[in-house]
Amino acid sequence: MKGPLAKTAILLVGMYVFLKFILPLFTAPLPASLIFLYLALTFASAMIFYTMSGGGLDEFMGPVGRFLTGSGQAGIAGTARILVFVLFPLLVGWQAYTRLAPSDMPPAENRTIHPAPPGEFVGLANPYPTTPENIMMGKGLYAAFCSPCHGANFDGKGPAAVGFNPPPANFSDPGTIAQLQESYLFWRIKKGGVGLPVEAMPWKSAMPRWEVELPDEWIWKIIMGEYDGAGQSPRTWEEEE
Amino acid sequence: MGYKKIFNVALGLTLMVTGVWASCVLASDPPPEGETGSVAVRLVLTEGAVPADDPNAAVWNTIAPAEFKLAPQVHWPDRIQEVTVKSVKVRGMHNGQDLAILLEYADPSEDAADAAAVEFMVGDKMAHFAHGQEMLQVEGGDVNIWYWKKEHGKATDMTAKGFKTLRPQENQDVSATGAWQDGTWRVVFSRPLQTADELDVQVTPGEWRNVAFAFWDGEIVDGAVKEKGSQKAVSSWWYLRAEPPPDNSIYGYVVLGIVLAAGFEFFLVRKIRRGNES
């Protein structure tokens, strides 16, 4: 098993393990179609490399030809050959089936959770000082208006949370308000789910449009109370630069 | 002989690339399942009549229900913090002509003001689940609401586009019947899949629709109805689909694929053998 074909096979397996299992440890997993493309390119490169460098096509593809024709084979190799010949058509049939069978799954929901805010909400600063009194007032308002959905513990598990898809945001999760600026929250609370752009699917969101019920001052203080209660701090402009 | 070799190699190459492709496809991730509870109502295709006004028809028990959790309506005023109906089991059927949807939910008492509703988006425009309320960056569409109330003893086919716009339609196409027993309501709504009314949801087998639910406990507490108007149990949008008729042409394509692949193998081996002999 020292032929160029065996080397190429080992290279492909190594490549596959790297793309499928090792790379996702560092970045988002690759889609299967992309992995296939990379492996196909690797294979084509190996082909060109070996056929250009002396050995020629015969040396490279020889083992494949011998395997397929079954010349001089017995035992395991013979069985493997029959297995390949039976499995290949079945695989094609199975692929045809999965491609054509009507899907029983509802449409995929690729909802953007944090879309860009409208321009007028970018960079607004909280006009109220972070005093214990303001935080207290914010927490009180939060308990009255927000906790039924977002939870008394800021964990998104309020008594009304279960009926809604998407669920109310969990503010103690570092992936929500800690990633955001206060001005972004001001926009989201004021305009609610119906203020979202199309990629965030506003028709699905139960987040109320609070501007019709609460004055701006209350919203800013709720934001203070929310960060304090959830043990998070807002992302600031300095971190952006 | 050069051209024959190239031909053999090309065939071998195709086979190998296919192998790599197959292994990638086999290893690709399975489709995501619904997190908790159901995400969709399936209207099962049956032959013959659907049990349009019989909530207790035996055939309902042959269908696996979808179950959806419900929340007290705290999205807009007037809110309510605690509701009676906590979840609903939904079953559906159609026969290509008519559909029937059965809602089953717990409510300890039978009251004249008990009520249930099913809401749909209408047409291609997206509509907010709260009565198609106005969205700020997206132009919304109408919602079609099928409303049943115990004391009415029938369904009302309604339309809304925004709060305070809910009204009965001119064309009433929906019927409903409810039966209460041992703390459980079973309410069946029925309608033709398609109607001539552009304010109605049109249910086309095989296509997904958006659906939401609402319930009112009409018990009298301290002289007043406990849940009414916007004070109700609600869900946001889930999915609904009428099962399409089975498509047997798929099996033809599967057989074709198998035959082609086997033929490919046969000619490949023959070609390589001939190449080796010469």
Side-chain angles (χ1 to χ4, degrees), chain A residues 12 16 20 29 31-33 35-36 39-40 43 47 57-58 60-61 64-65 68-71 85 88-97 100-108 118 148-149 159-166 191 193-198 201-206 208-209 213, chain B residues 5-6 8-9 12-13 15-18 20-25 27-29 31 39-40 69-72 74-77 81 126-129 133-138 140 206 208 233-239 241 244 247 250 253-258 260-262 265 268-269 272-273 276:
Chain A
L12 286 179
Y16 179 74
K20 177 82 189 173
S33 53
I35 295 185
F36 169 65
L39 292 185
F43 179 75
M47 273 265 322
L57 287 171
D58 256 355
F60 190 73
M61 294 308 293
V64 175
L68 290 178
T69 55
S71 64
F85 277 121
F88 175 67
L90 289 183
L91 202 76
V92 170
W94 182 73
Q95 264 300 301
Y97 181 78
L100 292 173
S103 159
D104 212 18
M105 292 300 293
C149 288
V162 291
F164 300 122
N165 169 40
K191 301 292 176 184
V194 293
L196 290 166
V198 63
M201 304 188 173
W203 52 89
K204 285 178 177 275
S205 172
R209 181 180 173 183
E213 294 179 66
Chain B
K5 268 185 206 159
I6 289 173
N8 288 347
V9 168
L13 194 110
L15 200 62
M16 277 202 56
V17 171
T18 318
V20 175
W21 160 75
S23 58
C24 287
V25 168
S28 64
D29 316 304
V39 293
K69 293 245 166 55
L70 301 164
V74 288
H75 176 65
W76 76 95
Q81 301 296 334
M126 295 299 173
H128 194 274
F129 71 86
Q133 73 169 297
E134 186 197 11
M135 294 178 280
L136 308 178
Q137 300 196 46
V138 177
W208 291 99
V234 292
S235 82
S236 54
W237 291 123
W238 297 102
Y239 290 100
R241 191 180 75 147
D247 178 3
I250 291 175
Y253 286 111
V254 170
V255 170
L256 183 69
I258 293 177
L260 283 178
E265 288 177 342
L268 174 68
V269 170
I272 298 176
R273 281 205 178 125
N276 290 348

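The structure displayed is predicted, hence computed values, not measured ones. By convention in this document, chain letters (A, B, ...) are assigned in the order of the sequence lines, proteins followed by strands, and residues within each chain are numbered from 1. All heavy atoms count here, side chains included; hydrogens, waters and symmetry mates do not.
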Non-hydrogen atoms of chain B under 4.5 Å away: do they reach the side chain of A/S205, the backbone, both or neither? backbone
For chain B, find which of A/G193, A/C149, A/P118, A/G93 contributes the most heavy-atom pairs closer than 4.5 angstrom. A/G93
Validation row: A/E213, B/P77 side chains within 4.5 angstrom (heavy atoms): yes
Quick one: which of B/A71, B/G140, B/A40 has the most heavy-atom pairs under 4.5 Å with chain A, could you say? B/A71
Residue B/A127 versus chain A: region with a heavy atom under 4.5 Å: backbone
Is it the backbone or the side chain of B/V138 that comes under 4.5 Å from a heavy atom of chain A, or both, or neither? side chain
Taking B/L256, B/D247, B/V74 one by one, which has the highest count of heavy-atom pairs under 4.5 Å against chain A? B/V74
At their closest point, which heavy atom of B/G257 faces which heavy atom of A/V92, and how far apart are they? O-CG1, 3.5 Å
Any side-chain heavy-atom pair of B/E134 and A/R209 under 4.5 Å: yes
Could you check whether any side-chain heavy atom of A/P107 comes within less than 4.5 Å of a side-chain heavy atom of B/Y239, counting everything from C-beta outward? yes
In short, A/P89 meets B/A261 closest at the heavy-atom pair CA-CB, 3.5 Å
The interface call for B/W208 against chain A, heavy-atom contacts under 4.5 Å, is side chain
Nearest heavy-atom approach of B/R273 to A/T69 is NH2-O, 2.7 Å
Can a donor-acceptor pair be found, under 3.5 Å and without considering hydrogens, that links the side chain of B/H128 to the backbone of A/A206? no
Is B/S236 close to A/K204 at the side-chain level, that is, under 4.5 Å between some pair of heavy atoms? no
Should B/Q81 and A/P159 count as side-chain neighbours, where that means a heavy-atom distance under 4.5 Å? no
Could you look at B/I258 and say if it's the side chain, the backbone, both or neither that has a heavy atom under 4.5 Å from chain A? both
Atom of B/K69, atom of A/V162 and distance for their closest heavy-atom approach: CB-O, 3.6 Å
So which atom in A/N165 and which in B/W237 form the shortest heavy-atom distance, rounded to 0.1 Å? ND2-O, 3.8 Å
